[in-house]
Amino acid sequence: MFSKGTTMSARRRHELFFETPKFTKEIARIPYKWRKRLMDRAFQKMAWSYWHRIYESIAIDFVRDFAKQYVPAGIDMSQDDNDIIQTAKKAARTVSEGLCAARSDQHVLLIVRAICHEYGIAAPEFEKLSDVVARAIDHRWWRRQLRKSIGRAFEAGNIRLGYVHYRGEPYASNEAVLSRLSQNRRNALAMETTLLQNEHGEQFSIAELAEKTTANKSIRRGELMLRINGFEAIAKENGDHGIFVTWTCPSRFHATHYNGQPNSNYSNATPREANAYLCKVTSLCRSALARLGIGLYGFRIAEPHHDSCPHWHLLLFVRPTDKFKKHHLQDLVSRAIRIMKRYAWRSDRGEAGAFKHRLDVKRIDWSKGSAAGYIAKYVAKNIDGVEQHKTREGYTVAADLNGDVELTPSMRVETWAARWGIRQFQQWGGAPVTVWRELRRIKQDMMNEAPEPMRRAWDAVQKIEGIKRADWAEYLRAQGGAIVPRKKLVITLAKDEKTVIGRYGETIKVTPYGVHCAALIGVVFKSVRHTWTPVNHGGDGAVFDLPRTRVNNCTHPNSALPEIGLNSSPFTVPDQSQVQQNTTNNAMNSRYGPQSKRPPCLVTSKSERAILR
């Protein structure tokens, strides 16, 4: 007599497979936060199959592909910043040990690239081999690269799995915001405890100096609004028309819908890639407008959608240039808008909602108020100005709590911009703000015999508290207007190039030291700049890294001695006379930098190798 057999359902088979060592091994490198949602998506993909050889391979391939894209090789994504520091030291030590086996210059590059690939970061690319080696054996370089690589990979995984949206963690994940807050606290502590002294003996902390620059959010916001108001004054003066444009990305750059459901059109693009798309398409649009003789000037602001995909707000003023030939056109703004729509719709043109949502343009009506009012709220909410963000989709993003830490919307936006390396504010057209800031460093007595445009620009940038405000519009007039080409600027920067010894050896540093005026060729109006040196209090406070020097007791230059190349192998040099040893050390320094930055295998004496071991 046969007993009745029992058949296990496909769902139960799939659930049991998740508990097997075969699948557990694949998901071991996935962060704990992601595992539940990743397994749910794997479950959806394997739901149609009953045969284990099919659904097992489907789940494993899905997890492997996800880990390959969002989990850098050789990295534990669950590690905190202290673990990243230890990993960086380990990686730098691995490179140093690996270079001991190098037989040629090409072999050195192969070793560096292979180890960088193991940790999922790009190898340093420089013309000189010494520049590559100096970075590859420095744990601080590894620390910066690992922080960037791990941070962006973890944030991209959060976006892909649907954690970043209105109903969850808008703009940026909670982990990213908490990491940014922790980084800001570390930086603030270091700046407060590090003292600098100028040539006059005056001492200030870095925090005190930073409060007087655009690093201060209130100063940054004030300067942006001053420049926006200046553009508006120029537009009214010349009768230019204004438009306010909101430019968004196609659907393939959006990971999540407004209701929190995943977008089936999402192409796994990161916010950085989406911003690159906006940069490319707007640059093509600006080129097309320039060919027709239509000039644009104003500001653009980049901010995130709820799912971290960027979109741009642009306050632009339209004016015909010297190249404009179609004077019969009465509505120049309409022609500019038509060209913008052409480029905004050219990618994925047939998708639903492209014509409605891709580009939104509003004409500025001067009778209804200031043009700066269209963009003022975006400047404020992306720096520190408002407690809640009201978005164009009708949602409100408010501050929330993560434990005892308050996560404000502006902090989320700052984290988003810092994590993906996206520039939030950019000026289109007009004279450069760098010259504006440099003019503020020039003393008044240098204007006694200056040409009229120079005195006019200098007076425009000066601010006297309670008496006189700086005037961006007057500065633009002195420079030649709002759409003046850079080659026709009246006042330009005076730059100085000099070779300095930095952490990774010699480098060319370009620094401004004044301005030139087109009316006086060869004359430099020098600005007031201080030379700051750190104040050492015997190790108290934060550590301040100084540019290193090559000069030590073992590396005195000796031009009379021949230089020995290092194309032969191995790199380790046997004991030799003092003259030969100095010569070899000089050759090592010329190729790999100072001895303090060389791997242990590249020192030239047994005593040095014993110390480094």
Side-chain angles (χ1 to χ4, degrees), residues 214 220 223-247 275 278-302 312-324 332-340 343-344 359 361-364 366 370-376 378-379 423-439 453 456-457 460-461 470-493 515 518:
T214 52
R220 185 186 183 192
E223 184 185 83
L224 285 171
M225 293 307 303
L226 174 71
R227 292 156 65 186
I228 292 171
N229 289 325
F231 276 128
E232 180 184 355
I234 290 289
K236 288 183 177 180
E237 178 182 303
N238 293 275
D240 299 334
H241 297 281
I243 55 177
F244 183 74
V245 182
T246 301
W247 204 313
N275 194 71
L278 290 175
C279 290
K280 180 63 177 178
V281 71
T282 52
S283 66
L284 294 174
C285 178
R286 293 176 69 183
S287 298
L289 290 170
R291 288 192 296 270
L292 293 177
I294 301 177
L296 294 177
Y297 62 96
F299 263 90
R300 77 112 174 113
I301 297 177
W312 286 7
H313 297 291
L314 304 102
L315 175 64
L316 300 175
F317 302 99
V318 183
R319 177 193 299 182
T321 64
D322 297 336
K323 297 181 179 180
F324 187 69
L332 191 67
V333 176
S334 295
R335 176 56 63 93
I337 294 174
R338 285 175 57 189
I339 295 174
M340 289 181 185
Y343 283 93
L359 190 76
V361 182
K362 296 179 181 178
R363 298 195 182 210
I364 295 176
W366 300 109
S370 170
Y374 283 84
I375 204 171
Y378 299 103
V379 173
R423 183 178 179 181
Q424 291 180 271
F425 307 98
Q426 183 180 12
Q427 174 182 316
W428 281 18
V433 70
T434 312
V435 178
W436 162 281
R437 294 167 181 166
E438 195 68 17
L439 283 170
R456 187 180 178 186
V461 305
D471 191 345
W472 178 261
E474 181 64 18
Y475 166 71
L476 292 180
R477 298 186 195 102
Q479 284 280 46
I483 56 174
V484 57
R486 292 299 171 95
K487 61 182 179 181
K488 294 184 179 181
L489 286 172
V490 177
I491 303 171
T492 56
L493 281 181
V515 296

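FYI, side chains are in, hydrogens and waters are out, and symmetry mates aren't considered; it's all heavy atoms of this structure.
When all heavy atoms of Ala431 and Leu489 are compared, the closest pair comes out as CB-CD2, 4.1 Å. Residue Ala473 comes nearest to Gly230 through the heavy atom pair CB-O, 3.6 Å, listed as atom of the first residue, atom of the second, then distance. Taking both residues in full, the closest heavy atoms of Ala371 and Trp366 are given as CB-CZ3, 3.7 Å, listed atom of the first, atom of the second, then distance. Here the shortest heavy-atom pairing between Tyr343 and Ala288 reads OH-CB, 3.5 Å.
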Evaluation steps, side-chain contact (heavy atoms from CB on, under 4.5 Å), between Trp472 and Ile228: CA-CA 8 Å; Trp472 178 261; Ile228 292 171; over 6 Å; no

Evaluation steps, side-chain hydrogen bond (donor to acceptor under 3.5 Å, both in side chains), between Ser370 and Glu232: CA-CA 8 Å; Ser370 170; Glu232 180 184 355; 2.7 Å; yes

Under the side-chain contact (heavy atoms from CB on, under 4.5 Å) criterion, do Val435 and Tyr475 qualify, and how do the steps go? CA-CA 10 Å; Val435 178; Tyr475 166 71; 3.4 Å; yes

Step by step, work out the side-chain contact (heavy atoms from CB on, under 4.5 Å) result for Val515 and Thr492. CA-CA 6 Å; Val515 296; Thr492 56; over 6 Å; no

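In this structure, Phe299 has its ring center no closer than 6.0 Å to that of Tyr378.
Gln479 places a side-chain N or O within 3.5 Å of a backbone atom of Ile491 that can act as its donor or acceptor partner. At least one donor-acceptor pair under 3.5 Å links the side chain of Gln427 to the backbone N or O of Gly429. With hydrogens and angles disregarded, a donor-acceptor distance shorter than 3.5 Å links the side chain of Thr321 to the backbone of Gly293.
When each of His313, Gln424, Gln426 is tested with Arg300 by the rule side chain to side chain donor-acceptor pair (under 3.5 Å), just one qualifies, namely Gln426. For the side chain to side chain donor-acceptor pair (under 3.5 Å) with Trp312, the qualifying choice from Thr246, Asn275, Thr282 is Asn275, the only one to do so.
Interatomic distance, Ile294 CD1 to Lys323 NZ, rounded to the nearest 0.5 Å: 13.0 Å. Considering CZ of Arg437 and CG of Leu493, their distance stands at 11.0 Å, rounded to 0.5 Å. For the atom pair CH2 (Trp247) and CG (Leu278), the distance works out to 8.5 Å, reported to the nearest 0.5 Å. Between the CG atom of Leu284 and the CD1 atom of Ile339 there is a distance of 12.5 Å, given to the nearest 0.5 Å. Distance check: Asn229 CG to Ile234 CD1 gives 12.5 Å after rounding to the nearest 0.5 Å. A distance of 12.0 Å separates CG in Asp240 from CG in Leu316, rounded to the nearest 0.5 Å.
Looking at heavy atoms from C-beta onward, Arg227 lies out of side-chain contact with Trp436 at the 4.5 angstrom threshold. Using a 4.5 Å cut-off on side-chain heavy atoms (C-beta onward), Leu315 and Ile364 make contact.
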